[in-house]
Trainee: 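I have a structure I would like to understand better, so I am pasting it below and will then ask my questions one at a time.
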There are 2 protein chains.
Amino acid sequence: MGPAPTLLERLRARGWRVTPQRRAVAQVLTGDHVHLTADDVLEGARTILPEVSLATVYNTLRDLVEMGELLELRVGNGPARYDPNTGTAHHHLVCTVCHRLVDVHPAGLDDLGLPLDQRHGYVLDEIDITFRGRCPNCVRTDTTKPRVGTGTGVT
Amino acid sequence: MGPAPTLLERLRARGWRVTPQRRAVAQVLTGDHVHLTADDVLEGARTILPEVSLATVYNTLRDLVEMGELLELRVGNGPARYDPNTGTAHHHLVCTVCHRLVDVHPAGLDDLGLPLDQRHGYVLDEIDITFRGRCPNCVRTDTTKPRVGTGTGVT
DNA sequence: GTATATGCAAAGCATTTGCATTAAA
DNA sequence: TTTAATGCAAATGCTTTGCATATAC
């Protein structure tokens with residue numbers, strides 16, 4: 001396979017006007033296990049280009065999500081988080097205490113489906129799995145009992 | 001097994017002060033495939049008791065969620081939805097177009113785990129699976145291509 | 001040169017909160 | 001009687017938008 005086009009190349013190919021602000025935002029949203037809020041992105045972008053505005057960050061994030069270049073994650077009640085890892089199918093593991101978030105790539109789930117008699121006539125496009133638990137830092141101090149919510153209790 | 005205590009009995013047992021407002025909210029949040037927003041709940045509660053306020057609805061919803069009597073769902077960017085079906089482990093199927101939401105109980109997922117080498121030191125408590133697709137009403141009119149997002153493309 | 005992005009400040013929506021009043025226990 | 005819930009309205013947090021200015025193409 002040839003060299004994969006970079007994010008900016010793909011954006012240019014879509015007719016995106018590449019500005020310093022957008023370049024800064026794109027640069028911040030690079031790598032694995034990156035799950036930044038809009039404020040995080042603003043902060044990061046400003047270390048590259050101090051005069052970026054929050055409105056531009058939001059506009060850029062929205063464009064990137066619409067283009068499918070960014071995943072918008074909503075874990076818990078806080079602000080949205082943005083994940084540039086759109087290439088590899090993956091799921092998420094969230095700390096119920098501090099909301100630390102990591103990507104997981106569980107094998108054997110790739111062909112996970114939903115039985116026909118459970119589909120209610122829907123045409124399936126996608127499956128998101130959120131594993132909830134307590135991260136190494138929180139599990140020591142936390143007194144909360146494990147929840148038995150929507151999902152399945154797991155040991 | 002004896003008769004299961006009703007929601008209001010359980011709430012009273014927890015020392016909850018049972019007011020007409022709370023009774024109205026609890027009555028609205030009854031049944032299967034119930035996934036109401038706070039505004040929906042207000043509307044429903046007002047058909048029972050016209051003077052319920054939105055603040056009380058929000059306070060009551062929050063209490064019920066904290067008590068584990070209600071599930072708070074965040075699908076898409078809209079307002080939270082509340083699901084009284086806490087007794088049976090289940091997952092959700094969401095229409096990406098109209099956001100219609102149904103409960104699903106896929107067999108064979110009950111013992112779904114996450115391999116140790118993928119746990120990043122987390123202690124798992126719960127797994128939420130969101131199936132995304134287009135419902136029977138939307139699949140006909142929708143021109144959107146299936147997305148290949150976080151999850152796995154499914155036929 | 002022209003269409004589009006920027007930045008600011010104001011608006012918007014969902015949700016929470018302070019506080020005086022009311023009511024459950 | 002006491003303690004807690006209600007309702008209003010104001011405050012909050014996140015996100016979007018209108019518009020004049022600046023800039024990539």
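Throughout, a chain's letter reflects where its sequence line sits, starting with A, and its residues are numbered from 1. Reckoned from all heavy atoms, side chains included, excluding hydrogens, waters and symmetry mates. These numbers come from a predicted model, not from an experiment.
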Trainee: Roughly what angle, to 10°, lies between the helix axis at the start of the helix from C:dG1-D:dC25 to C:dA25-D:dT1 and the one at its end, five pairs per end?
Mentor: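 Comparing the first five pairs with the last five, the axes sit 40° apart.
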Trainee: Holding to side-chain hydrogen bond (donor to acceptor under 3.5 Å, both in side chains), I want the full list of residues that pass it with B:Thr56, two or more places apart in sequence or in another chain.
Mentor: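 Only B:Ser53 meet the side-chain hydrogen bond (donor to acceptor under 3.5 Å, both in side chains) criterion with B:Thr56.
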Trainee: Write down the distance between NE2 (A:His99) and P (D:dC14), rounded to a whole number of angstrom.
Mentor: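 That distance rounds to 13 Å.
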Trainee: By side-chain contact (heavy atoms from CB on, under 4.5 Å), which residues pair with A:Asp117, not counting sequence neighbours?
Mentor: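 If we apply the side-chain contact (heavy atoms from CB on, under 4.5 Å) test to A:Asp117, skipping adjacent residues, the hits are A:Pro115.
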Trainee: Could you tell me how far apart A:Leu73 (CG) and D:dT15 (P) are, to the nearest whole angstrom?
Mentor: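 In whole Å, D:dT15 P and A:Leu73 CG are 12 Å from each other.
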Trainee: Test: ring-ring contact (aromatic ring centres under 6.0 Å, His included). Region: residues 43-87 of chain A. Which pairs qualify, not counting sequence neighbours?
Mentor: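 Output for this query is empty, none listed.
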Trainee: List, one per line, each side-chain donor-acceptor pair under 3.5 Å for residues 23-31 of chain B, sequence neighbours excluded.
Mentor:
residue : atom : partner : partner atom : Å
B:Thr30 : OG1  : B:Ala26 : O            : 3.0
B:Thr30 : OG1  : B:Gln27 : O            : 3.1

Trainee: Check the distance between C:dA14's P and B:Arg62's CZ and give it to me in whole angstrom.
Mentor: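 Those two atoms, CZ and P, are 18 Å apart.
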Trainee: Does D:dC14 have OP1 or OP2 under 4.0 Å away from a side-chain N or O of A:Arg74?
Mentor: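 It does not, given that no N or O in the side chain of A:Arg74 lies less than 4.0 Å from OP1 or OP2 of D:dC14.
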Trainee: Looking only at side-chain N and O atoms, does A:Tyr58 come under 4.0 Å of OP1 or OP2 in D:dT15?
Mentor: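 Result: yes.
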Trainee: Using a 4.5 Å cut-off on heavy atoms from C-beta on, say whether the side chain of A:Arg62 contacts that of A:Leu64.
Mentor: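 When only atoms from C-beta onward are counted, A:Arg62 and A:Leu64 do not touch, as no gap falls below 4.5 Å.
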Trainee: By nearest heavy atom, map B:Tyr82 and B:Val18 onto DNA chain C; which one lands nearer the 5' end?
Mentor: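 That would be B:Tyr82.
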Trainee: Provide the closest heavy-atom pair for A:Tyr122 versus B:Cys95 in the form atom of the first, atom of the second, distance.
Mentor: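 Minimum heavy-atom contact is CE2-N, 3.6 Å.
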Trainee: Can you sort out the partners of A:Arg10 under side-chain contact (heavy atoms from CB on, under 4.5 Å), two or more places apart, ordered by chain and number?
Mentor: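 Partners of A:Arg10 by the side-chain contact (heavy atoms from CB on, under 4.5 Å) criterion, ordered by chain and then number, come out as A:Pro5, A:Leu7, A:Glu69.
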Trainee: Please enumerate all protein N or O atoms sitting under 3.5 Å from an N or O of nucleotides 5-7 of chain D, with distances to 0.1 Å.
Mentor:
residue : atom : partner : partner atom : Å
D:dA5   : OP1  : B:Arg22 : NH1          : 3.4
D:dA5   : OP1  : B:Arg22 : NH2          : 3.3
D:dT6   : OP1  : B:Thr19 : OG1          : 2.8
D:dT6   : O3'  : B:Gln21 : NE2          : 2.8
D:dG7   : OP1  : B:Gln21 : NE2          : 3.2
D:dG7   : OP1  : B:Glu51 : O            : 2.3
D:dG7   : OP2  : B:Ser53 : N            : 3.0
D:dG7   : OP2  : B:Ser53 : OG           : 3.0
D:dG7   : OP2  : B:Thr56 : OG1          : 2.9

Trainee: Which residues pass the side-chain hydrogen bond (donor to acceptor under 3.5 Å, both in side chains) test with A:Thr37, sequence neighbours left out?
Mentor: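 So A:Thr37 forms a side-chain hydrogen bond (donor to acceptor under 3.5 Å, both in side chains) with A:Asp40.
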Trainee: Please work out if B:Arg23 contacts a base, only the sugar-phosphate, or nothing of the nucleic acid, heavy-atom cut-off 4.0 Å.
Mentor: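 Answer is nothing: B:Arg23 stays at 4.0 Å or more from every strand.
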Trainee: For B:Asp32, give me all partners under side-chain contact (heavy atoms from CB on, under 4.5 Å), at least two apart in sequence or on another chain.
Mentor: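 Applying side-chain contact (heavy atoms from CB on, under 4.5 Å) to B:Asp32 gives B:Asn85.
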Trainee: Name all pairs fulfilling the ring-ring contact (aromatic ring centres under 6.0 Å, His included) condition that reach into residues 17-53 of chain A, sequence neighbours left out, sorted by first residue then second.
Mentor: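 Applying ring-ring contact (aromatic ring centres under 6.0 Å, His included) to every pair that reaches into residues 17-53 of chain A, excluding sequence neighbours, yields A:His33-B:His120, A:His35-A:His92.
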Trainee: Identify each atom pair where a protein N or O and an N or O of nucleotides 10-13 of chain D are less than 3.5 Å apart, giving names and distance.
Mentor:
none

Trainee: Enumerate the residue pairs fulfilling ring-ring contact (aromatic ring centres under 6.0 Å, His included) with a member in residues 6-29 of chain B, sequence neighbours excluded, ordered by first and then second residue.
Mentor: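 Residue pairs with at least one partner in residues 6-29 of chain B: there are none.
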